[in-house]
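Worksheet: one structure, shown below.
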Amino acid sequence: QVKLVESGGGSVQPGDSLRLSCVASEGTIKTIYMGWFRQVPGKEREFVGNIAWNGDATAYGDSVRGRFIIYRDNFLNTVYLQMKNLRPEDTAKYYCAAGKFYYPGKDPQEYVSWGRGTQVTVSS
């Protein structure tokens with residue numbers, strides 16, 4: 001199993017951009033579908049998006065499609081979440097995770113090896 005560490009969160013204003021990183025500090029993600037999720041206290045974990053092992057395919061949740069982009073650098077064992085035009089409703093703790101299956105979907109139960117998350121706060 002891999003050990004994942006997220007970073008890059010912070011406090012920003014509406015309309016700002018932010019890039020999150022997810023590094024595998026142990027193991028490799030080179031052949032693994034990777035996902036990003038977010039969670040607000042008291043709510044279920046929400047699918048943000050995922051990316052195929054080779055970066056050729058991505059999928060996004062409805063609330064972020066067109067504003068967020070996921071990409072990866074397998075040489076660096078890292079997956080990125082580029083967030084643009086941030087909104088207050090994007091405020092959450094963001095997590096990355098490794099897909100259990102070859103083509104995981106939007107269900108958090110299809111992912112393992114969750115990182116501890118990084119907080120993103122969007123406020124004016």
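Quick caveat: nothing in here was measured; it's all calculated off a predicted structure. Sequential numbering from 1 along the given sequence is applied to the chain's residues.
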- Pairs flagged by salt bridge (charged side-chain N to carboxylate O under 4.0 Å, His left out) wherever residues 96-107 is involved - sequence neighbours left out: none
- Message: Quick test of your reading: applying salt bridge (charged side-chain N to carboxylate O under 4.0 Å, His left out), list the pairs with at least one residue in residues 109-124, sequence neighbours left out, ordered by first then second residue.
- Response: none
- Set of side chain to side chain contact (heavy atoms under 4.5 Å, CB included) partners for Glu26, sequence neighbours left out: Lys3
- With Asn54, which residues qualify under side chain to side chain contact (heavy atoms under 4.5 Å, CB included), at least two apart? Ala52, Asp56
- Item | Ile29: side chain to side chain contact (heavy atoms under 4.5 Å, CB included) partners, not counting sequence neighbours | Val2, Leu4, Ala24, Met34, Arg72, Asn74, Asn77, Val79
- Message: Strictly by disulfide bond (SG atoms under 2.5 Å apart), give each pair with a member in residues 16-109 just once, sequence neighbours left out.
- Response: Cys22-Cys96
Only distances under 3.5 Å count here; give the side-chain donor-acceptor pairs of residues 38-46 to other protein atoms, sequence neighbours excluded, each with its distance to 0.1 Å.
from, atom 1, to, atom 2, distance (Å)
Arg38, NE, Glu46, OE1, 2.9
Arg38, NH1, Asp90, OD1, 2.9
Arg38, NH1, Tyr94, OH, 2.9
Arg38, NH2, Glu46, OE1, 3.4
Arg38, NH2, Ser63, OG, 3.1
Gln39, OE1, Arg45, NE, 3.0
Gln39, OE1, Arg45, NH2, 3.0
Gln39, NE2, Lys43, O, 3.0
Glu46, OE2, Ser63, OG, 2.8

- Locate the shortest heavy-atom distance separating Ala98 from Ile32; write the atom from each residue and the value. CB-CG2, 3.7 Å
- Tell me, please, which residues at least two apart from Ser11 pass side chain to side chain contact (heavy atoms under 4.5 Å, CB included). Thr121
- Item | Shortest non-hydrogen contact from Leu18 toward Val12 | CD1-CG1, 3.9 Å
- Linked hydrophobic residues, Trp53 as query - side chain contacts closer than 4.5 Å: Tyr33, Tyr102, Tyr103
- Set of ring-ring contact (aromatic ring centres under 6.0 Å, His included) partners for Phe68, sequence neighbours left out: none
- Task: Flag yes if Val120 and Leu81 sit in one hydrophobic cluster, no otherwise; membership is Ile, Leu, Val, Met, Phe, Trp, Tyr, and two members link when side-chain heavy atoms are under 4.5 Å apart.
- Result: yes
- Query: Given a cutoff of under 4.5 Å between side-chain heavy atoms of I, L, V, M, F, W and Y, with clusters grown through shared members, what are the other residues clustered with Tyr95?
  - Reply: Phe37, Phe47, Tyr111, Trp114
- Task: Decide yes or no for Glu6 and Leu20: does some side-chain heavy atom of the first lie under 4.5 Å from some side-chain heavy atom of the second?
- Result: no
- When rounded to the nearest 0.5 Å, the distance separating CH2 of Trp36 from CD1 of Ile51 is 11.5 Å
- Message: Test: disulfide bond (SG atoms under 2.5 Å apart). Region: residues 27-90. Which pairs qualify, not counting sequence neighbours?
- Response: none
- Closest approach of Thr91 to Gln119 (non-hydrogen atoms, all atoms of both residues): CG2-NE2, 4.0 Å
- Task: Might you point out which heavy atoms bring Val5 and Ser25 nearest each other, and give the distance in Å?
- Result: CG2-OG, 3.9 Å
